[in-house]
There are 2 protein chains.
Amino acid sequence: MPETQPIRLDTQLCFQIYTANKKFNKFYQDALKPFNLTYPQYIALLTLWENAPMSVKKIGKHLHLDSGTLTPLLKRLESHGWITRTRSPQDERTVIIQLTDKALEQRDTVYDRVNSCQDLLQLSNEQIEDCTTALTMLDEHLDSYNNADK
Amino acid sequence: MPETQPIRLDTQLCFQIYTANKKFNKFYQDALKPFNLTYPQYIALLTLWENAPMSVKKIGKHLHLDSGTLTPLLKRLESHGWITRTRSPQDERTVIIQLTDKALEQRDTVYDRVNSCQDLLQLSNEQIEDCTTALTMLDEHLDSYNNADK
DNA sequence: AGTTAGATAATCGACTACAATTTAATCGTT
DNA sequence: AACGATTAAATTGTAGTCGATTATCTAACT
């Protein structure tokens, strides 16, 4: 007769990730308050600062988000003056996201703010390295499962 | 003249956590499909299977969620027959959450299902240990920052 | 040319998540 | 007993996330 393993919430990896994610959210919400940006908006800007102009599709590939999430998020960024949204003349299906002057001007200020806040976390390079190693491994295992059924 | 450190998205701990959280969500969504449960609903049941009966407040302490999230979530669990919600006679402010017979009967089936899905992740005990260690450390650092301003 | 298969965004509905406020009940102190 | 402070839950408003569907467009094929 097989024994059912009880599941203790506080020993579950998923719950540690779930909790850490919310804490990071709060951390960045505080750090980004001067710019009135949420964490998802911030990572959208991060990838745009690296790669703009980008299509919605391409942003989604970088952030693992679909248009159902990105369309309203990008509209908010547009209404706050960070980006512009224009349809490509070559292919009317794709929407091209461009950074505004405001976004280009504010880039280093945002970088500095986030970097200085991260310093307050007091993580050594070695500690960050350990986390990255563990999370990369976990990520691969989650991927191989999630893609197994395709 | 200080140099502004550029921020590469894919090297950021926060983004690894953000991504892993979404992948875990998908993982559990698949695993829990037979029970028509979401991940947040599942962890609410987990803590109830350990500690029921519980007040909404106490559940919130365990899961780090407030009543704005829990009230509608618990109403959904109630409407699907997993729990009951009754006001305490001793203190009319608090709502007592109890598990239904269905929840008690299904417990081991859910445990078995989740445990067998977790086996498919192919994580060794050592790998899980490494993740837990890293995440616990990260959690403490996030806590000390998030509670600093109080 | 006309049709169709595939791609791209947008839209909609359901569920979280949290800040801020509201309502009701309880407690403490006078 | 009465009033002010505290607490618990619910409510409201804003934002994220995803699944499923829809509308439009492109490209390829007949």
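A quick note: this is a predicted structure, and the numbers were derived from the prediction, not measured. Chain identifiers are assigned alphabetically (A, B, ...) following the order of the sequence lines, protein sequences preceding nucleic acid strands; residue numbering begins at 1 within each chain.
Heavy-atom neighbours of Asp119(A) CG from other residues, nucleotides or ligands within 6.0 Å: above the threshold of 12.
Counting only heavy atoms from C-beta outward, the side chains of Ile59(B) and Val56(B) never approach each other to under 4.5 Å. Using a 4.5 Å cut-off on side-chain heavy atoms (C-beta onward), Thr38(B) and Gln29(B) make no contact.
Remark: the backbone N or O of Gly68(B) is not paired with any side-chain donor or acceptor of Thr71(B) at under 3.5 angstrom. Checking side-chain atoms of Lys26(A) against main-chain N and O of Leu142(B) turns up no donor-acceptor pair under 3.5 Å. Between the side chain of Thr69(B) and the backbone N or O of Leu65(B) there is no donor-acceptor pair closer than 3.5 Å. At least one donor-acceptor pair under 3.5 Å links the side chain of His141(B) to the backbone N or O of Leu121(A). Within the 3.5 Å criterion, the main-chain N or O of Gln127(A) finds a donor-acceptor partner in the side chain of Ser124(A). Between the side chain of Thr19(B) and the main chain of Gln16(B), no donor-acceptor pair closer than 3.5 Å is present.
In the hydrophobic clustering of this structure, Ile96(B) does not group with Leu63(B); members are Ile, Leu, Val, Met, Phe, Trp, Tyr whose side-chain heavy atoms approach within less than 4.5 Å, directly or through other members.
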- [ ] Scan nucleotides 21-28 of chain C nucleotide by nucleotide, 5' to 3', and note B when protein non-hydrogen atoms come under 4.0 Å of the base, S if they reach only the sugar-phosphate, - if neither.
- [x] ----BS--
Open item on the list: Return a single string for nucleotides 14-20 of chain C, one symbol per nucleotide in 5' to 3' order, where B is base contact, S is sugar-phosphate-only contact and - is none, cutoff 4.0 angstrom on heavy atoms.
Closed with: -SBBBB-
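Non-hydrogen atoms lying under 4.0 Å from DNA chain D are contributed by Ser55(B), Val56(B), Lys57(B), all within residues 48-60 of chain B.
Nucleotides of DNA chain D with any atom under 4.0 Å from a heavy atom of chain A span, from 5' to 3', dA15(D) to dT26(D).
Taking atom CZ on Arg85(A) and atom P on dT8(C), their separation rounds to 17 Å, with Å as the unit.
Applying the ring pair (Phe, Tyr, Trp, His ring centres under 6.0 Å) test to Tyr28(B) and every residue at least two apart in sequence or in another chain returns Tyr39(B), Tyr42(B).
Screening residues 87-101 of chain A for side-chain hydrogen bond (donor to acceptor under 3.5 Å, both in side chains), with sequence neighbours left out, gives Ser88(A)-Gln90(A), Asp91(A)-Arg93(A).
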